[in-house]
There are 2 protein chains.
Amino acid sequence: MGMDERKLRILQAIIDDYILTAEPVGSRTISRKYDMGLSSATIRNEMSDLEELGYLDQPHVSAGRIPSAKAYRLYVDQLLEGGKIPSLNADAVRAHFTGRGHQMEEVIDRAAQVLSSMTHYLAVVLPPGSQQVRIRNVQLVPVSTESALVVIVTDVGVVRDSVIRISRHLDSETLYSISRALTAALSGHTLQESQAILREMARNMEENAELLASLGNMVGDHTVKRSHVAVGGTSNMLTYPEYSDVEKVRNLLSLVETRDRLASIVARNGSVSVTVRIGPENGVPEMEDCSVVSAVYSTYSGQQGTIGVIGPTRMNYSKVLSVLGIMGQQLSELFGATEGQDEKS
Amino acid sequence: MGMDERKLRILQAIIDDYILTAEPVGSRTISRKYDMGLSSATIRNEMSDLEELGYLDQPHVSAGRIPSAKAYRLYVDQLLEGGKIPSLNADAVRAHFTGRGHQMEEVIDRAAQVLSSMTHYLAVVLPPGSQQVRIRNVQLVPVSTESALVVIVTDVGVVRDSVIRISRHLDSETLYSISRALTAALSGHTLQESQAILREMARNMEENAELLASLGNMVGDHTVKRSHVAVGGTSNMLTYPEYSDVEKVRNLLSLVETRDRLASIVARNGSVSVTVRIGPENGVPEMEDCSVVSAVYSTYSGQQGTIGVIGPTRMNYSKVLSVLGIMGQQLSELFGATEGQDEKS
DNA sequence: TGTTAGCACTCTCATTGGGTGAGTGCTAGC
DNA sequence: GCTAGCACTCACCCAATGAGAGTGCTAACA
């Protein structure tokens, strides 16, 4: 008993219907709503086979059937292979970003909002990874007589800033020359490397040892500091019947609250352009009946960020995939183009 | 029929019990658990009076009674007047902040977390208001040949940064001298004033008109830009029986998602140190059975931020008030002390 | 041999109706 | 003024009932 064309068509119909209604679907429904040219009895036989093959589950004997994770997997794989993902018009998405600030956090936040309102699921947007970020420019700006703001410009345009103490008074000019020296020394290095360089510098330049040490600490802090994770559409989730149970909502919500964990769940893609993880595939007990679809976008420097959508396993994969596609492309354009224009000069 | 001492004591007991159990409380419970030296029948009579006075509601005839908004108002007012708010040990709170970065956003986020975990309600922390923020220092940092990062240091230590385009190439030295000129011109002025000054400067300095114009726009953007609002403990809310209804959770959640609105609800305090708004007093339909307790904290420069807690009307006001008190003080210290030490030099 | 009609069977869900318990209001007595 | 006692009212729980949806199986049909 293998998987023939007809079984596939029936399974497809069941999944489509279940995605729509969230109710177990019966043989009669299929034969009527999706005209297969088959009677309910025949479909019943096929459904029985599909259940034995592991593609369908039956909540109880006298209910219809619901697709299993395995069924969704098949469904999604076909979707991806078949290239059946409808391509959306990019303009609608683009409109949400034009005329806005280009600051990283703003774009990220906005993206999460747009993503959630387009899909009606929970959207997560992670900024480009910071492991390989390289320093471009370091600048000290006097804030008061005993503290200065450190601004580090990196090659992804991300700016890390923090205030540090300086023990003895340093005037604006002195800070400026230190800034130049730091830029010369650190430019082109990653944050990790910079930390080592700063330690070395601190040993050699006793007069500014303290300053350099705190700079080193600051850089170290930033390498581990969780970056800003944008989330949108949490309340969307509550519109789905699978979350009519408060306990489930609670689980999901506390997952969303711990941004670090959320980020690691969404970002778990081996730099493949798009990943779909269905229910148990997530490996997270709380998310056994959630699917996570994620895509990567990249900045001009090759840094990769992640956008993801979390929804019930019966989510509208086709739509989500196309929205993620267009959105990833859009973000790549946005982050790439910003610098692309600069490079032209 | 007025409010005598005994009625007050009974009302107090009812509120205390209801805060604890969230169940309508009956006359028998009061006479037994809180020994008033009165029989249930007597208490029944008093409760009947209290209901007529508008302090109690009855869900249905054979249930106990629950406190009305008016009752909570009385309760809270007595709490505030009587100075009965237990003062907590500040050290426990302080421990959460020591050894951490002093960057505004980090502190704000952390504060929301601590506040929610101490109260078990939803916590909101707003950064110091930016209406009266004055500029201290402006610095242009080269990012690429055609763009520069603008850093504006304000007197609350908040740093606004954004990348702007520069049409013709300006080297590091030129940018530095422009920075100095800008600092001289704008230092001490509010963002609004600065916008006007920049417009004026753009007219007089044709060569840098474009740069100055975009700077002006940027400053303008930032005056309206919603600032970072920290929220913590959303999932806490779901532990309370009043939110066992998914629809209510949904309403609350979508309120929390629109940070602007949330901020305006929490911040609606006429610069009084602490405000309690009970249920309908919020004037927000979605929050008819929520109370909002908020307190202000201030930075060394007199800027005021707000911390707030949102919970069911039957929240533990006494605890919330004392936690907010200690937390506000703590934040004030944190933001004040940072600069306070600088001032000493 | 595959398809279909028919039928008995199973199980959920919504409804109904009595029983229980918590709480009240009222009255009469202390 | 307080309290004991009592009738009364509901919400809630539980079991029984019936309708409806869907299945599996069998037998007939093309």
Side-chain angles (χ1 to χ4, degrees), chain A residues 1-11 13-15 17-18 20-68 71 241-242 244-245, chain B residues 1-11 13-15 17-18 20-68 71 241-242 244-245:
Chain A
M1 178 184 62
M3 243 336 230
D4 56 14
E5 170 63 25
R6 195 172 73 179
K7 279 195 177 56
L8 218 55
R9 261 176 55 227
I10 292 175
L11 183 58
I14 293 173
I15 297 179
D17 200 78
Y18 188 68
L20 215 65
T21 64
E23 305 259 298
V25 18
S27 54
R28 188 104 196 294
T29 313
I30 297 300
S31 82
R32 236 185 324 155
K33 268 172 70 177
Y34 306 79
D35 56 0
M36 305 251 128
L38 293 172
S39 78
S40 66
T42 310
I43 295 184
R44 215 139 55 218
N45 289 330
E46 295 288 42
M47 281 167 86
S48 174
D49 290 355
L50 283 169
E51 184 174 357
E52 208 169 320
L53 287 166
Y55 291 107
L56 293 179
D57 288 327
Q58 209 170 9
H60 56 265
V61 69
S62 83
R65 285 169 166 102
I66 60 176
S68 68
E242 25 270 278
S244 55
D245 178 16
Chain B
M1 176 184 61
M3 248 329 234
D4 56 15
E5 172 63 24
R6 197 172 69 179
K7 279 195 178 54
L8 218 55
R9 262 177 52 228
I10 292 175
L11 184 58
I14 294 173
I15 296 178
D17 201 78
Y18 188 68
L20 216 63
T21 64
E23 304 261 298
V25 20
S27 55
R28 190 105 195 292
T29 312
I30 297 300
S31 82
R32 236 184 325 155
K33 269 172 68 176
Y34 307 79
D35 56 1
M36 304 251 128
L38 293 172
S39 79
S40 67
T42 311
I43 294 185
R44 216 142 52 222
N45 289 330
E46 295 288 40
M47 281 167 85
S48 174
D49 289 356
L50 282 168
E51 184 173 356
E52 207 168 323
L53 287 166
Y55 291 106
L56 294 178
D57 288 329
Q58 210 170 8
H60 55 266
V61 70
S62 82
R65 285 170 165 101
I66 60 175
S68 67
E242 25 272 275
S244 54
D245 178 17

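Here is the naming used below: chain letters follow the sequence lines, and residue numbers restart at 1 for every chain.
- In this structure, B:Arg44 atom CZ and D:dA7 atom P are separated by 15 Å, rounded to whole Å.
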(Q) side-chain contact (heavy atoms from CB on, under 4.5 Å) for A:Ser48 and A:Arg44? Distances and angles first, verdict last. (A) CA-CA 6 Å; A:Ser48 174; A:Arg44 215 139 55 218; over 6 Å; no

Nucleotides 15-18 of chain D: which of its N/O atoms have a protein N/O under 3.5 Å away?
none

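- Annotation for B:Ile66 and B:Pro24: closest pair CG2-CA, 3.7 Å, computed over non-hydrogen atoms.
- Residue A:Asp4 contributes atom CG, which lies 11 Å from atom P of C:dG2 at whole-angstrom precision.
- Among residues two or more places apart in sequence or in another chain, the side-chain contact (heavy atoms from CB on, under 4.5 Å) test is passed with B:Leu8 by B:Met3, B:Leu74, B:Gln78.
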For nucleotides 27-30 of chain C, list the nitrogen or oxygen atoms of the protein found under 3.5 Å from its nitrogen or oxygen atoms, one pair per line.
none

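- In terms of heavy atoms, B:Ser31 sits closest to B:Leu38 at CB-O, 3.4 Å.
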Please tabulate, for the side chains in residues 54-61 of chain B, all donor-acceptor contacts under 3.5 angstrom to protein atoms that are two or more places apart in sequence or on a different chain.
unit_1: B:Gln58; atom_1: NE2; unit_2: B:Val61; atom_2: O; d: 3.2

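- Sorted by residue number, the members of residues 54-67 of chain B with any non-hydrogen atom under 4.0 Å from DNA chain C read B:Gln58, B:Val61, B:Ser62, B:Ala63, B:Gly64, B:Arg65.
- Rounding to whole angstrom units, CD1 of residue B:Ile10 and C1' of D:dC2 are separated by 12 Å.
- One interatomic measurement links the two molecules: CD1 of A:Ile43 to C1' of D:dG24, which rounds to 16 Å at whole-angstrom precision.
- Near-neighbour residues of DNA chain D inside residues 20-42 of chain B, defined by a heavy atom below 4.0 Å, number-ordered: B:Gly37, B:Leu38, B:Ser39, B:Ala41, B:Thr42.
- A:Ser27 OG to A:Ile30 CD1: the interatomic distance, rounded to the nearest 0.5 Å, is 8.5 Å.
- With B:Arg65 as reference, B:Glu51 is the one residue of B:Glu51, B:Glu52, B:Glu46 to meet the salt bridge (Lys or Arg N to Asp or Glu O under 4.0 Å) rule.
- Heavy atoms only, all atoms of each residue included: B:Glu242 and B:Ala22 are closest at OE2-CB, 4.1 Å.
- In this structure, CZ in B:Arg9 is found 12.5 Å from CD1 in B:Ile14, a value given to the nearest 0.5 Å.
- Rounded to whole Å, atom C1' of C:dT24 lies 15 Å from atom CD of B:Glu46.
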Discussion item. Run A:Met36 and A:Thr42 through side-chain contact (heavy atoms from CB on, under 4.5 Å) and show every step you take.
Written reply: CA-CA 10 Å; A:Met36 305 251 128; A:Thr42 310; over 6 Å; no

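- For the pair A:Glu51 CD and D:dT23 P, the computed distance is 10 Å after rounding to whole Å.
- Remark: B:Leu11 CG to B:Ile15 CD1 distance equals 4.0 Å, nearest 0.5 Å.
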